[in-house]
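Written out below as structure tokens is the structure these notes cover.
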Amino acid sequence: MDESVSPQTLHSRTLEAVAEHIKSGRVKNVVVMTGAGISTSAGIPDFRSPETGLYANLARLNLPYAEAVFDISFFKENPEPFYTLAHELYPGKYRPTIAHSFIRLLNDKGILLKLFTQNIDCLEREAGVPDDKIVEAHGSFARQSCIECRQAYPEDDIKQHIAAKSIPRCHDCNGLVKPEIVFFGEQLPAAFFASRDLPRDADLCIVMGTSLTVQPFASLPEMTRKTTPRVLINKERVGSLGSGTDDVLILGDCDDGVRKLATACGWHDELESLWAKT
Ligand code: APR
């Protein structure tokens with residue numbers, strides 16, 4: 001490849017060309033952007049898939065509209081639907097998917113610059129992706145606090161409430177306690193804004209398992225340089241992915257897509273054994 005040409009241009013918009021790019025040693029800084037689609041094979045529904053998505057299955061909670069379950073004003077009026085759902089979604093009973101292990105493998109290979117995730121299931125961490133490489137753009141169940149006085153709330157106490165489907169209240173001011181998940185109407189964590197320019201430093205961008213519906217996360221793939229190849233591993237085309245000169249679409253199941261890419265990179269056995277250990 002003539003190095004005077006932009007070194008990050010793929011020789012073709014194919015999975016094999018992405019693998020060549022990685023094997024060439026030119027890829028040193030990968031940014032990964034993920035959504036609920038990488039956790040569906042772990043048994044956690046995504047949000048918007050017709051029939052199977054969470055928002056299509058919340059009738060039992062009698063919500064005014066599906067997203068109300070994650071709306072801060074609605075939560076303040078009626079926290080019950082959220083805590084009913086939290087009982088089903090709380091981390092600890094789900095195993096990371098091979099897509100999570102693929103992200104861990106990128107870090108083990110020393111080429112993961114940053115993982116931006118919208119997921120609140122903490123499965124990236126459970127797969128062994130180091131904390132300092134993860135930006136949980138929509139927060140997670142990892143911490144909880146009072147929405148009135150901001151006092152941190154003990155993990156053991158919230159686990160008991162979630163198991164019992166009861167509503168935890170602050171030990172200090174009796175305010176409502178909420179896991180530090182970003183609800184509609186709340187600000188994203190400072191860590192997101194501090195890292196949102198990082199895609200500019202990437203030499204490969206991988207977007208997986210997201211509809212790219214919710215801003216400002218959905219704009220992250222636009223932050224990459226024009227010469228940075230962007231790979232979409234997703235059941236459907238989303239956002240502007242596919243329109244860039246170096247965009248590669250691997251449409252279909254995330255687990256199949258990462259297996260194919262890992263195999264093309266010569267990492268099949270490493271990935272499978274990594275996942276087997278989660
Ligand atoms: N393999 C590949 N793609 C999948 C799979 C799978 N196994 N399962 C689902 N998908 C795709 C869907 O086709 C869809 O494009 O993943 C995407 C999931 O989109 P959403 O359900 O909208 O989830 P997400 O993008 O994470 O939602 C973003 O919306 O409600 C908010 O805060 C919530 O973080 C969430 C945000």
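Heads up: numbering here begins at 1 and tracks the sequence. Each ligand, and each atom within it, is numbered from 1 in the order the structure gives. Every heavy atom of this structure was used, including side-chain atoms; hydrogens, water molecules and symmetry mates were not.
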Mind running side chain to side chain donor-acceptor pair (under 3.5 Å) on Glu222 and Ser240 for me, showing each step along the way? CA-CA 8 Å; Glu222 312 312 316; Ser240 68; 2.8 Å; yes

Residues Phe70, Phe47; criterion side chain to side chain contact (heavy atoms under 4.5 Å, CB included); working and verdict: CA-CA 11 Å; Phe70 292 119; Phe47 293 91; 3.5 Å; yes

Provide, to 0.1 Å, the distance between atom 34 (O) of ligand 1 and the closest protein heavy atom, together with that atom's residue and name. His138 ND1, 2.8 Å

When distances are taken from atom 1 (N) of ligand 1, the protein heavy atom at minimum range is Cys254 N, 2.8 Å

Between Arg230 and Thr224, does the side chain to side chain donor-acceptor pair (under 3.5 Å) criterion hold? Intermediate values first, please. CA-CA 8 Å; Arg230 303 184 309 173; Thr224 58; 4.6 Å; no

Sub-4.0 Å atoms of ligand 1 with respect to non-hydrogen atoms of Tyr55: 30 (O), 31 (C)

Does Glu155 come within less than 4.0 Å of Arg143, counting only side-chain N to carboxylate O? no

Please indicate whether any nitrogen or oxygen in Phe184 is less than 3.5 Å from any nitrogen or oxygen in ligand 1. no

Which of the atoms of ligand 1 are close to Gly35, meaning less than 4.0 Å from one of its heavy atoms? 26 (O)

Go through the side-chain N and O atoms of Thr40 and Asp46 and say whether any donor and acceptor fall under 3.5 Å apart. no

Does at least one non-hydrogen atom of Gly209 fall below 4.0 angstrom from an atom of ligand 1? yes

With sequence neighbours excluded, tell me which residues meet salt bridge (charged side-chain N to carboxylate O under 4.0 Å, His left out) with Asp256. none

Below 3.5 angstrom, do we get any N/O pair linking Lys235 and ligand 1? yes

Among side-chain atoms of Thr117 and Glu136, is any donor-acceptor pair under 3.5 angstrom? no

All salt bridge (charged side-chain N to carboxylate O under 4.0 Å, His left out) counterparts of Lys28, not counting sequence neighbours: none

Compute whether any side-chain donor of one residue and acceptor of the other, for Glu180 and Ser140, lie under 3.5 angstrom apart. no

Is Gly252 close enough to touch ligand 1? Criterion: a residue heavy atom under 4.0 Å from a ligand atom. yes

Could you tell me which atoms of ligand 1, counted from 1 in the order shown, lie closer than 4.0 angstrom to a heavy atom of Asp46? 9 (C), 12 (C), 18 (C), 21 (O)

Counting only heavy atoms, tell me which of Met208, Glu67, Glu236 gets closest to atom 13 (O) of ligand 1. Glu236

Do Ala36 and ligand 1 have an N or O pair less than 3.5 Å apart? yes

Among protein heavy atoms, which lies nearest atom 11 (C) of ligand 1, and at what distance? Asn234 OD1, 3.4 Å

State, to 0.1 Å, how close Pro45 and Leu54 come at their nearest heavy-atom pair, and which atoms those are. CG-CD1, 3.8 Å

Among protein heavy atoms, which sits nearest to atom 28 (C) of ligand 1, and what does the distance come to when rounded to 0.1 Å? Gln118 OE1, 3.2 Å

Need the ligand 1 atom indices (1-based, order shown) with element for anything under 4.0 Å from a heavy-atom of Asp253. 1 (N), 2 (C), 6 (C), 7 (N)

Atom 25 (O) of ligand 1: which of Asn119, Thr210, Val207, Thr117 has the nearest heavy atom? Thr210

Judged by modelled atom types alone, do Ser219 and Gln215 share a side-chain donor-acceptor pair under 3.5 Å? yes

Judging by distance only, is a nitrogen or oxygen of Val238 under 3.5 angstrom from one on ligand 1? no

Ranked by distance from atom 35 (C) of ligand 1, the top protein heavy atom is Phe47 CE1, 3.6 Å

